[in-house]
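Below you'll find the structure, written out as structure tokens, and then a few comments.
Chain A is the first sequence line, chain B the second, and so forth, proteins listed ahead of strands; every chain is numbered from 1.
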Number of protein chains: 2
Amino acid sequence: MRVARPADKAIPFDRIRAVEWENDHIKLIDQRVLPGKLEHVYVDTLGGAAEAIRLMVVRGAPAIGITAAYAVVLGARDRYRENPKNWREALKSDLDFLSAARPTAVNLRWAIERMHRLAETIDGNPVAQLLEEAQRIHSEDIAANHRIGELGAALIEPGSSVLTHCNAGALATGGYGTALGVVRAAVTSGRVFGVFANETRPWLQGSRLTAWELLQEGIPVTLTADSAAATLMRQGRIRWVIVGADRIAANGDVANKIGTYALALAARQHGVKFMVAAPISTIDLETPSGADIPIEVRAGEEVMEFAGQRTAPEGAHAWNPAFDITPAELIDAIVTENGVIEHPQARTLARLVGKKG
Amino acid sequence: MRVARPADKAIPFDRIRAVEWENDHIKLIDQRVLPGKLEHVYVDTLGGAAEAIRLMVVRGAPAIGITAAYAVVLGARDRYRENPKNWREALKSDLDFLSAARPTAVNLRWAIERMHRLAETIDGNPVAQLLEEAQRIHSEDIAANHRIGELGAALIEPGSSVLTHCNAGALATGGYGTALGVVRAAVTSGRVFGVFANETRPWLQGSRLTAWELLQEGIPVTLTADSAAATLMRQGRIRWVIVGADRIAANGDVANKIGTYALALAARQHGVKFMVAAPISTIDLETPSGADIPIEVRAGEEVMEFAGQRTAPEGAHAWNPAFDITPAELIDAIVTENGVIEHPQARTLARLVGKKG
């Protein structure tokens, strides 16, 4: 089921919701067709949600996690209808299936595990309790983003310009955004006056999503080809690179959208600071280092086609890793709702995760 | 005037000619429509050639230089027809106009100056002598590329994989190519078995042109998003980055397609060697350093549109520098037809330019 409205009608940014629960459905903004069209896709099964995650109707680690939490509600509802006695058993394989939709972002697994732990305790119809938990995950994420925005903005020297990569905004989260939450807070408080966004090939999250989000609230944004970022830095035009994360390993290595690592290398070379903004749920203490994070390699067609039109000759191949690993030593600050750590290390990260936000 | 043939019929690579002189016209492969279509544009005025250069019907520093040399023949012919006495005076402003078509590649200015020096010595109808000179510039470039290919390939350890950026192939030169000349020679001699090509945003020279050229002769090529190159290096999958150049300053700094600098930074970080392959005409001893090279900034629409389709929201802006500067200290070897210099410096470059090839 689809409902469309014109994409050129501005939405207040704090009303942008990539994921919503509405009338027993998950309502997703179809991020494949922005900024040309603002369409919603309604999903009413766990399998449909897994497919939406896989096809990137919804993307962004926290938004994927929230979608998965709601998907568990749908899965539990259907399994309970089928078999009110053994629904938990059937749900278990559904959850494995859902977990496999995308491998890199840990928030997917994190949300499913949290929902599963609760499901294990429920007798009778599980829908109401599970829905409450999914909505709690959702609202906690929004609150975390606001706190991340505040804490991250405080690190930025007044009068700075910043660069972001991919989309770690309202569209990638429950709402407000992680990296873009920081940008929003810093623009509002007058610390940031210039925002550059990498277009972010191959999926163009920067051009299509980040620029769209920022323009909804009138924040001017200058797009650049990803490969121009090093020159932007060399010209002294930005003070911070601010990105989100798909997974942060126990040692502080960060998996994020392909291209993040090259940015971090160039930033260090030019004395530009590098900030990772992400909720605590992105930190995976069970993954020792970046080398242990599974990196999704997507179809080469994403690189070789554009809007259904082939750009490379027939017979060409493409290698299309969706993420890369930025080693902890290139990161100046990790900003979470529990606080900020500079120069992340295993010890400081573990302490941050243990802390109450 | 346009003539098209199917782009999927392979052309032997040593027959690919971006620029040809044919029946008193310049015949150009229209590089804006490859690889989908192989179309030729025929140009029969100096102004038409300037427009073709500006619009990137023809691109690549050496190919632009050759096109300009032929354009001078057309300009001189027309000015001589108009006024057989004072044609040189009128031609002079035409040459300034032609020089301004694109600012960064020095080969454009170099070829125009060489043609102009000859024009100054001619009495009577200048067409035959100027055409002979333009054809000499063209054939010298092809010969230079073959020599560059040989010399560059000899630097590469057998069993290597390499990465190239943009298109420095037959399509960018008189024929055969500079960086791709090295790749061809190295594949032929069995030194290189894997070729990666950056797609090269925003114009997609890598996806559209480099992949097409290499596939014409059956060299397998793997395309990557530009921002994935650092990960390719981190995984130890390439030994050399090989690129062309639009201008080499007296101190060895290199202007080349946007993204080259980020590649050079990542290469140094990972112990990957960095080779610049270019004819001597690309070395501009009158430009002291990279900071003195004018960098063309093209329309933001190149970043925000694809094939006439808008990818960014209305209201977004883009910064679109076409080139960047790679400092000499990041370059392991500059390969020219006059020889190779490692770790370029002002002294060794000047000596190379003075040398006979």
Side-chain angles (χ1 to χ4, degrees), chain A residues 7-8 34-36 165 196-202 204 206-208 211-212 214-216 220-232 234 257-266 269 295 300 302-304 306-307 309-321 323-325, chain B residues 7-8 34-36 165 196-202 204 206-208 211-212 214-216 220-232 234 257-266 269 295 300 302-304 306-307 309-321 323-325:
Chain A
D8 55 4
L34 277 174
H165 186 67
F196 291 90
N198 276 342
E199 63 169 349
T200 316
R201 286 285 294 156
L204 297 172
S207 288
R208 299 197 302 102
W212 181 79
L214 292 175
L215 290 172
Q216 296 305 304
V221 56
T222 301
L223 290 163
T224 52
D226 305 329
S227 72
T231 293
L232 205 56
R234 195 170 187 215
K257 181 53 52 199
I258 189 72
T260 303
Y261 173 49
L263 282 182
L265 282 176
Q269 179 72 23
I295 296 295
E302 281 186 358
V303 175
M304 296 189 293
F306 185 86
Q309 191 173 345
R310 180 95 179 174
T311 57
E314 294 304 324
H317 298 277
W319 178 61
N320 183 23
F323 304 96
D324 61 23
I325 303 294
Chain B
D8 55 2
L34 277 173
H165 186 66
F196 291 90
N198 276 342
E199 62 168 348
T200 317
R201 285 286 295 158
L204 298 172
S207 289
R208 299 196 304 103
W212 180 80
L214 291 174
L215 291 172
Q216 296 304 305
V221 56
T222 302
L223 289 164
T224 51
D226 305 329
S227 71
T231 294
L232 205 57
R234 194 168 189 218
K257 182 53 52 198
I258 188 72
T260 303
Y261 172 49
L263 282 182
L265 282 177
Q269 179 71 22
I295 296 295
E302 282 185 359
V303 175
M304 296 189 294
F306 186 85
Q309 192 175 344
R310 179 92 180 179
T311 56
E314 294 305 324
H317 297 277
W319 178 62
N320 182 23
F323 304 97
D324 61 23
I325 304 295

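Looking at B:R234, its side chain does come within 3.5 Å of a backbone N or O of A:I325 through a donor-acceptor pair.
With a 4.5 Å cut-off on non-hydrogen atoms, B:I295 does not touch chain A at all. Contact of A:L214 with chain B is not made at all, since no heavy-atom distance falls under 4.5 Å. B:I258 touches chain A through backbone and side chain together, each having a heavy atom under 4.5 Å away.
Contact annotation: the side chain of A:T311 approaches that of B:L204 to within less than 4.5 Å [non-hydrogen atoms, C-beta and beyond]. Contact of the A:T231 side chain with the B:F323 side chain is not registered, since no non-hydrogen atoms from C-beta on lie closer than 4.5 Å. Residues B:R201 and A:D226 have side chains not in contact (no heavy-atom distance under 4.5 Å, counting atoms from C-beta outward). A:M304 has its side chain within reach of B:L223: a pair of non-hydrogen atoms, C-beta onward, lies under 4.5 Å apart.
The shortest non-hydrogen separation linking A:L215 to B:E314 is CD1-O, 3.7 Å. In this structure, B:W212 and A:P313 approach most closely via the heavy-atom pair N-CG, 3.5 Å. Of all the heavy atoms in B:W319 and A:T224, the pair that sits closest is CE3-CG2, 3.7 Å. When all heavy atoms of B:A211 and A:A316 are compared, the closest pair comes out as CB-CB, 4.3 Å.
Here CG of A:D324 is found 7.0 Å from OG of B:S227. Values are rounded to the nearest 0.5 Å. Once rounded to the nearest 0.5 Å, the distance linking NE2 of B:H317 with OG1 of A:T222 reads 7.0 Å.
Your options are A:L263, A:L232, A:T260, and the one with the most heavy-atom pairs under 4.5 Å with chain B is A:L232. Considering only heavy-atom pairs separated by less than 4.5 Å from chain B, the leading option among A:A228, A:A266, A:A225 is A:A228.
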